2 protein chains.
Amino acid sequence: MATEQPAKTRTTRQGLWVLEILNESDSFMSAQQLHAKLVAKEKTIGLATIYNRLRALAEAHEVDVLRTEAGEALYRRCGVDGHHHHLRCRRCGNVEEVESAQVETWARSLAENAGFIDISHTIEITGICAACHG
Amino acid sequence: MATEQPAKTRTTRQGLWVLEILNESDSFMSAQQLHAKLVAKEKTIGLATIYNRLRALAEAHEVDVLRTEAGEALYRRCGVDGHHHHLRCRRCGNVEEVESAQVETWARSLAENAGFIDISHTIEITGICAACHG
DNA sequence: TTACTTGCAAACGGTTTGCATCGAG
DNA sequence: CTCGATGCAAACCGTTTGCAAGTAA
């Protein structure tokens, strides 16, 4: 393994703040929510910077990205190791993680059988959670 | 309490055009692509109308909607009966349909066990197809 | 006739970008 | 000192909406 250092990302105060917030939370958040959290912490940072950092992190696969039905992007720090999917309540927005080796296998072999390579997949299950329809 | 009005959608020339295009194609398309196809057929119709129709159709579950990574909405006529998912090539954009009762069951029971109701799900598998990496 | 539909144009909301300035290396 | 990072403001882009005119029922 090469001691790859192509990541020429400079260490800036703002960049660290963004990571800090991402690390503090274990659920998806939008760029604007992240910005709000920093403002709440009295950190001065521009929205543009957040979008820049987030895009860089996404390209480097350091965060996972998903889109809400409204077209808004949600980000979350997500180790490449723990691949999983989400069960989200459409009412309260709460997200639970979901894993299933079976489904992972199904998706992979299906695509392989079709001659695909470099396979990836996304699964989103939504509904109204018990607390919300109780 | 509920003054339920049934679908009181008027039959208009434009509404029919939109359905016509949706019926002609068996793959997802954006509102703008749909508009372009109508223009190509010398049909005069406003983009706003297409968005209106499409939104109404989506609310009535007459079309399926999904979002591209770029946040653009794609629509497709899709009978409620034939629920299926997609295997898409990231290079050529080709889409194949995929079905699996197993996975449908898995998704449903998973959400039910978590106490969810009104469950729905989306699965997107992507990769590079045989023709593209051959 | 009634009131839903159309469609132009303007508003919107999330995201990206131009560019002058800041600051890490 | 250099060159990437920052962030305000403005551009972008897909989508929604206000409203006057058109039209199905």
Side-chain angles (χ1 to χ4, degrees), chain A residues 3-22 28-60 62-76 88 93, chain B residues 3-22 27-60 62-76 93:
Chain A
T3 321
E4 300 273 335
Q5 177 56 142
K8 39 164 57 183
T9 313
R10 251 173 216 184
T11 308
T12 64
R13 200 166 335 118
Q14 291 88 337
L16 291 175
W17 289 345
V18 169
L19 285 175
E20 190 182 314
I21 297 295
L22 286 171
F28 281 89
M29 73 183 84
S30 68
Q32 321 236 7
Q33 289 173 322
L34 203 160
H35 182 246
K37 293 196 183 198
L38 281 175
V39 169
K41 284 192 164 192
E42 321 236 303
K43 312 289 192 186
T44 310
I45 185 173
L47 240 189
T49 300
I50 298 202
Y51 278 111
N52 282 336
R53 294 302 53 228
L54 247 21
R55 183 151 42 106
L57 288 170
E59 277 168 11
E62 302 244 0
V63 293
D64 278 351
V65 189
L66 68 82
R67 294 254 169 200
T68 63
E69 286 144 54
E72 195 180 32
L74 301 183
Y75 306 83
R76 178 188 186 184
R88 181 164 43 91
Chain B
T3 330
E4 294 277 333
Q5 296 297 352
K8 40 161 55 183
T9 312
R10 266 181 201 178
T11 307
T12 65
R13 201 169 331 121
Q14 291 88 337
L16 291 176
W17 290 344
V18 169
L19 284 176
E20 191 182 313
I21 297 295
L22 286 171
S27 60
F28 281 89
M29 73 182 85
S30 69
Q32 320 235 7
Q33 289 173 323
L34 203 161
H35 182 247
K37 293 196 183 198
L38 281 174
V39 169
K41 285 194 165 192
E42 322 237 302
K43 312 287 192 189
T44 309
I45 184 174
L47 240 189
T49 301
I50 298 203
Y51 279 111
N52 280 336
R53 301 278 77 202
L54 247 20
R55 183 152 43 105
L57 287 170
E59 276 168 12
E62 302 243 1
V63 293
D64 278 353
V65 189
L66 68 81
R67 293 254 168 199
T68 64
E69 288 143 51
E72 194 182 33
L74 301 182
Y75 305 84
R76 177 189 187 184

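For clarity, every value in this text was computed on a predicted model and none was experimentally measured.
Distances from the side chain of B:I45 to the nucleotides D:dG7, C:dG7, C:dT5 place C:dG7 closest.
Per the geometry, CG belonging to B:L38 stands 14 Å off C1' belonging to C:dG7, to the nearest Å. Spacing between atom CG of B:L54 and atom C1' of D:dT15 amounts to 11 Å, rounded to whole angstrom units. The interatomic distance linking B:L34 (CG) with D:dG14 (P) rounds to 15 Å, in whole Å. Rounded to an integer number of Å, the gap from A:E69 CD to D:dT15 P is 15 Å. Rounded to whole angstrom, the span from the NE2 atom of A:H35 across to the C1' atom of C:dG14 amounts to 14 Å. Counting to the nearest Å, the C1' atom of C:dT5 and the CG atom of B:L16 are 13 Å from each other. Between the CD1 atom of A:I50 and the C1' atom of D:dA5 there is a distance of 14 Å, given to the nearest Å.
Applying the side chain to side chain contact (heavy atoms under 4.5 Å, CB included) rule to A:A56 yields no partners; only residues at least two apart in sequence or on another chain are considered. In this structure, the side chain to side chain contact (heavy atoms under 4.5 Å, CB included) partners of B:A70, at least two apart in sequence or on a different chain, are B:T68. Every side chain to side chain contact (heavy atoms under 4.5 Å, CB included) that B:L66 has, sequence neighbours left out, goes to B:F28, B:L74, B:E124. Partners of B:A31 under the side chain to side chain contact (heavy atoms under 4.5 Å, CB included) rule, at least two apart in sequence or in another chain, are B:I50, B:Y51, B:L54, B:Y75. By the salt bridge (Lys or Arg N to Asp or Glu O under 4.0 Å) test, B:E20 pairs with B:K41, sequence neighbours left out.
Counting only residues at least two apart or on different chains, no salt bridge (charged side-chain N to carboxylate O under 4.0 Å, His left out) pair has a member in residues 30-39 of chain B. Listed by first and then second residue, the salt bridge (charged side-chain N to carboxylate O under 4.0 Å, His left out) pairs that reach into residues 42-58 of chain B come to none, sequence neighbours excluded.
Residue contacts for B:T44: at a heavy-atom cut-off of 4.0 Å it reaches the sugar-phosphate backbone alone, with no base atom in range.
To the nearest 0.5 Å, the span separating CG on B:L47 from CG on B:N52 amounts to 10.5 Å.
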Q: Produce a footprint string for nucleotides 15-25 of chain C: one letter per nucleotide, 5' end first; B if the base is under 4.0 Å from any protein heavy atom, S if only the sugar-phosphate is, - if neither.
A: BBB-----BBS
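The rotation axes computed at either terminus of the helix from C:dT1-D:dA25 to C:dG25-D:dC1 lie 30° apart, taking five pairs at each end and rounding to 10 degrees.
Considering all non-hydrogen atoms of both residues, B:H35 and B:I45 come closest at NE2-O, 3.0 Å.
Between A:Q14 and D:dG7 there is a side-chain polar atom (N or O) within less than 4.0 angstrom of OP1 or OP2.
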